[in-house]
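This report concerns only the one structure given below.
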Amino acid sequence: MIEREYDVVIVGSGAGGGTVAQELAPLVKDGVRVLLLEQGPRLGDDEFTGREVEMADALYEDGGGFLTADGTMTLAFGRVFGGSTVVYTGTSLVAPERVIRGWNVPDLAHTDVARRSAKFAEQNNVHLFTPDLINDNNRLFVEGCGKAGYRAEQFPLNVKGCKGSSLCNLGCPNAAKMGTHRIQLPGAQSQGVQMVTRAEVLKIGERSLSVVVRAKKEGEKGAESEWAPGEYHVGAKLIVVAGGAVGSPALLLRSGFGTRLPALGAGFTCHPAHILVAEHERPITNDVGHPKSYYVDRAAEEGYVLETCMYFPFTTAKNLTGFGPAHSALMRAFPRLQMILVLACDKAVPHNRVTVDRDGKAVVRYRFTPDTVEAMVRATRASARIFFAAGALRVHAPSADPPLIERRDAARLDELIAARHFLAGKVSVSAAHLMGGCAMGQPGDTAASVTDAWGRVHGLPWLRVADASLFPDSLEINPYLTIMALADRVAERIRSEARDLLGAGAGAA
Amino acid sequence: MFRALAEAFVPESAALDEGGWAEAEAIVERFLATRPAAVRRQLRLLIRLLDLLPLLRYGRRFRSLDATRRLRVLEAAQNAPMLLLRRGIWGLRTLAFMAYYERPEAAAEIGYRATARGWEARR
Ligand SMILES: Cc1cc2nc3c(=O)[nH]c(=O)nc-3n(C[C@H](O)[C@H](O)[C@H](O)COP(=O)(O)OP(=O)(O)OC[C@H]3O[C@@H](n4cnc5c(N)ncnc54)[C@H](O)[C@@H]3O)c2cc1C
Ligand code: SF4
């Protein structure tokens, strides 16, 4: 076992961990030793090929095939330097005021979240695209929304030098997407924060971590680890856990904190999503141009959000319901396909939670509640209306049987798309907005929460959480800016407590 | 048996030559190599079960059925009351789609043309 000693150790390099690294970096010049550990590899710019399975394998947990315990939903999250920000689409929204108010976390005001979100939006070059960069897939969505009576809003995007390759979720091949691996992590590293990749934290003990550093396997993408392969025992005065909504609760549970923190793992939400597809008569520009420029927010009224999207052949094939000749015919219509992603705003319920198996591996227990299924059905009907209003010939709706709805049946959508056809295990459902598991709440209220509003774990002043797992319920909108805002708060509190936490000379309060 | 299943899930795969099959199967093998041994065991078991299942109804194994009957067997299984069976079919079809659509030739066939150069390549 190799011994190492640091003042602060951050676990994870995604939206949360990357933000904390940047915000604690100024402490380094005061002599504070800050280390960031990331289990995934660091990829070179030339390694982003846009090939689906190859990139998914290199960038996602379980190659993008991580399933919930009963196998009915795929959870997508990054396992790479930069975390899920390497694969996100870059849509940058501020949390709705009503959601933050509804969370009811003492000492967490929407104005504060909004102010900090604006800071990161500026840092990440968030802006609206000009009309010449919008492809037909997005344009038809706006047109269809207008005709069908839905209000389409434009997504602010965090890109610089986007060429419109439409490959965002396979990692940007043009280094145009401003994830933490592009902005916050390099900035922190240049100020002296040490970063070690391929370093998985197996367990956290009292002010210490057990870490395994793995060697790069033959044929694997990414650089070798900065440390020699082997087992490490790392001492730390302060540990910040930012392993994501699956990774953080799983790490804390396998470290044995579940007994003193019964809410650990609870309250997992994820915006379960369907990919809907519609066929037009003529080819449209869909696989060129940024894939996600518009959305419809019906969260408050109907419990769903619709977003434009465009996926790759295998992902599209997998997300359509069924197989055989009808499925193939739709795939062969690829140049004529329009796509919409429907997301349900699920609510935290007791049975949906992160647990660990005997080996300490994360297991996500998730069942679709009737409310979530109804929200997906409403969202699917709305999307079908939008598709037909935009001129589509036929629409593929997972919760219809058969899933293909012809234009002549456009008046019967309410009857054809119904919850009784949502057969779990048959319909494809995936989720990429993973939230909760280490919920913020009232200080000391271990029955209902894991941390206070500043990510301080109840009763353990040396342990902080700073990622999507802090959400006490779903955000009902794309989450990364809010995660950065919350992580910013966690880092600010650490800076202000640095003298007490880290000893004399550490940081100026 | 995997080929018989793949041809039912993606009818075009019946037209693959030996080189095409080798490429498709290598994609799946690479993917499965990184899955836990238990998952690979379950898949093998499911494939065996699906091969034998039609004996009850058609008196023949899956691999000896014609395309229409193969499709019928798989459709019944994907709508089965047992979640485990539905999940299994979902998993197998996912592998068949991966095998077929991850090949660059398939992208060209269906007209998928995304490249890193994006708009530059089209305008
Ligand atoms: C395909 C996709 C598209 C998305 N698009 C958008 C979008 O357009 N807009 C938006 O707002 N959000 C989007 N999201 C969601 C957003 O990316 C995530 O919500 C956000 O990145 C989560 O931040 P996080 O810090 O909680 O976790 P992550 O960013 O997932 O980072 C966690 C990191 O911790 C590491 N880790 C975990 N456990 C350990 C351990 N034990 N030891 C060492 N390292 C560990 C992981 O490898 C990972 O790199 C998308 C997500 C996906 C997957
Ligand atoms: S669309 Fe733009 S941001 Fe997305 S992968 Fe292509 S170049 Fe990168």
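A/Phe312 touches chain B through backbone and side chain together, each having a heavy atom under 4.5 Å away. In this structure, chain B has heavy atoms under 4.5 Å from both the backbone and the side chain of A/Arg51. Contact of A/Ser328 with chain B is made through backbone and side chain together, with heavy-atom distances under 4.5 Å. Using a 4.5 Å cut-off between heavy atoms, B/Thr115 contacts chain A through its backbone alone, with no side-chain atom that close. In this structure, chain A has heavy atoms under 4.5 Å from both the backbone and the side chain of B/Ala116. For a residue to count as touching a neighbouring chain, one of its non-hydrogen atoms must lie under 4.5 Å from one of that chain's; by this rule B/Arg122 touches chain A with the side chain only. Both the backbone and the side chain of B/Arg113 come within less than 4.5 Å of a heavy atom in chain A. Of the two parts of B/Leu74, the backbone and the side chain both hold a non-hydrogen atom closer than 4.5 Å to a non-hydrogen atom of chain A. Of the two parts of A/Thr49, neither the backbone nor the side chain holds a non-hydrogen atom closer than 4.5 Å to a non-hydrogen atom of chain B.
Exactly one of B/Arg44, B/Arg63, B/Arg3 qualifies for a salt bridge (Lys or Arg N to Asp or Glu O under 4.0 Å) with B/Asp51. That residue is B/Arg63.
Taking chain B as the reference chain and counting heavy-atom pairs below 4.5 Å, the highest number among A/Thr72, A/Asp62, A/Leu337 is found for A/Asp62. Between chain B and the options A/Ser428, A/Gly63, A/Gly50, the largest number of non-hydrogen pairs under 4.5 Å is found for A/Ser428. Looking only at heavy-atom pairs under 4.5 Å with chain B, the residue among A/Asp70, A/Asn174, A/Leu167 that has the most is A/Asp70. Most heavy-atom pairs under 4.5 Å with chain A, from the set B/Glu109, B/Glu7, B/Arg30: that is B/Glu109. Your options are A/Ala333, A/Gly324, A/Pro173, and the one with the most heavy-atom pairs under 4.5 Å with chain B is A/Gly324.
The neighbour count for B/Arg60 CZ, taken as heavy atoms of other residues, nucleotides or ligands under 6.0 Å away, does not exceed 12.
The aromatic rings of A/Phe368 and A/Tyr366 sit perpendicular, their planes meeting at an angle over 60°, well past the 30° parallel limit.
For A/His290 (side chain) and A/Thr89 (main-chain N/O), a donor-acceptor pair under 3.5 Å exists by modelled atom type. Not one N or O on the side chain of A/Ser399 forms a donor-acceptor pair closer than 3.5 Å with the backbone of A/Phe422.
Between B/Arg70 and B/Glu75, the closest side-chain pair of non-hydrogen atoms is not below 4.5 Å. Looking at heavy atoms from C-beta onward, A/Arg79 lies out of side-chain contact with A/Leu59 at the 4.5 angstrom threshold.
Relative to the six-membered ring of B/Phe31, B/Arg35 meets both conditions, a distance below 6.0 Å and an angle of at most 45° to the axis.
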Query raised in the report: When you look at A/Met178 and A/Lys160, which way does the side-chain contact (heavy atoms from CB on, under 4.5 Å) test go after all the steps?
Result: CA-CA 7 Å; A/Met178 299 295 109; A/Lys160 195 184 272 180; 3.8 Å; yes
